[in-house]
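Take a look at the structure below.
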Amino acid sequence: MKNYIVRVISEQANVVGLACVTTDLVNESCRLHGAYPTACAALGRALTGGALMASLLKMGQRLALKFEGNGPLKKMIVEADYEGNIRGFVAVPEIDLPPRNGKFDVAGAVGTEGVLTVIKDTGRKELYNGVVRIRTGEIAEDIAYYYAESEQIPTAVALGVYMEPSLEVSAAGGFLVQSLPPSDENMIDRLIDNIRRLPSCTQLLREGESPESILEAIFRGIPYVTLERHELRYLCTCSRERIERVLLSLGGEELADMIEKQGRADVTCEFCRKTYALERTELEALLDSLQAPGSPEG
């Protein structure tokens with residue numbers, strides 16, 4: 001498994017830890033979207049963060065992260081599920097800002113004002129929505145703030161993306177550590193000290209550290225057991241049927257106007273950039289289905 005995540009737990013400290021490598025899927029996403037370096041770094045961090053957060057869910061559950069900041073990226077959305085399927089996009093991928101302190105200026109690209117929305121589909125009738133303000137634009141810190149503010153769970157998050165001069169992502173991944181009640185303060189202090197002693201997440205990944213070795217360093221001196229290890233992949237769930245449902249949602253009037261003025265529709269998926277072409281006859285069939293007796297507009 002080139003892209004994978006590992007989940008561990010320390011029952012003694014009542015702490016869950018996750019670490020993952022996402023190099024290939026970040027590369028694929030940035031290539032699909034033609035993302036410039038700073039936009040790629042931001043998207044890569046968000047994809048990795050989404051993968052870590054989704055692994056805290058249960059089988060069959062999924063979530064979406066939506067960053068809407070005042071930076072030039074405008075909007076960034078990531079969707080991920082417990083099974084390790086991830087997709088995402090950035091509204092303005094052609095963003096490349098000068099480095100700040102020798103690192104990608106992700107905060108400048110995302111912005112330091114705006115909102116982070118977390119939507120969870122846990123299989124219940126209504127979706128869970130959590131909204132917090134963007135504090136730093138650094139992605140990892142904003143995800144940690146979301147957990148503290150919206151779910152009242154102390155969480156440490158680190159995310160890293162390294163890009164070569166050739167514009168290839170050669171290292172991407174991260175870790176997430178979460179303290180669950182009741183917590184052992186001495187154990188928590190030891191965890192915090194271990195995390196502070198770590199090099200940056202990007203450096204760890206570039207040095208070839210694996211998710212297992214990163215977690216070993218984080219939990220040094222604290223017993224833990226590995227719960228799971230599974231693959232991560234960039235996978236889009238778009239289909240012709242989904243695109244048709246989107247067109248139907250526009251309503252009969254707009255569909256009729258599209259047929260009259262354009263005679264066809266070319267719809268591109270924001271997540272994978274695949275284009276679906278629907279000819280006049282197909283659009284007319286959709287319009288007919290809307291106008292049929294028993295349909296919402298029939």
Nearest atoms (heavy-atom pairs only) where T136 meets E141: CG2-OE1, 3.0 Å
Whether H33 and Y234 hold their rings parallel, tilted or perpendicular, with breakpoints at 30° and 60°: perpendicular
Pair N3, T22: side-chain N/O donor-acceptor within cut-off below 3.5 Å: no
S200 and Y162 side chains, donor-acceptor separation under 3.5 Å: no
CD/E126: more than 12 non-hydrogen atoms of other groups inside 6.0 Å: no
Verdict with reasoning, R229 to E212, per salt bridge (Lys or Arg N to Asp or Glu O under 4.0 Å): CA-CA 10 Å; R229 180 180 187 268; E212 290 89 346; 2.9 Å; yes
Any donor-acceptor N or O pair under 3.5 Å, side chains E228, Y82: yes
Parallel, tilted or perpendicular: rings of F271 and F89 (30°, 60°): perpendicular
Cluster link I143 to V131, ILVMFWY, side chain under 4.5 Å: no
Closest contact, heavy atoms only, R45 versus L159: O-CD1, 3.3 Å
Side-chain heavy-atom pair L286, L278 within 4.5 angstrom cut-off: yes
Candidates V267, L248, T268 - the one meeting side chain to side chain contact (heavy atoms under 4.5 Å, CB included) with I243: V267
Among I214, N194, I9, L191, side chain to side chain contact (heavy atoms under 4.5 Å, CB included) partner for F219: L191
Under 2.5 Å between SG of C40 and C30: yes
salt_bridge(K75, E270) N-O dist < 4.0 Å: no
Crowding at CZ, R220 (>12 non-hydrogen neighbours, <6.0 Å): no
Ion pair R264/E279, N-O distance below 4.0 Å: yes
Check: H230 and S55 side chains under 4.5 Å, non-hydrogen atoms: yes
Atom CD of E94: over 12 foreign heavy atoms under 6.0 Å: yes
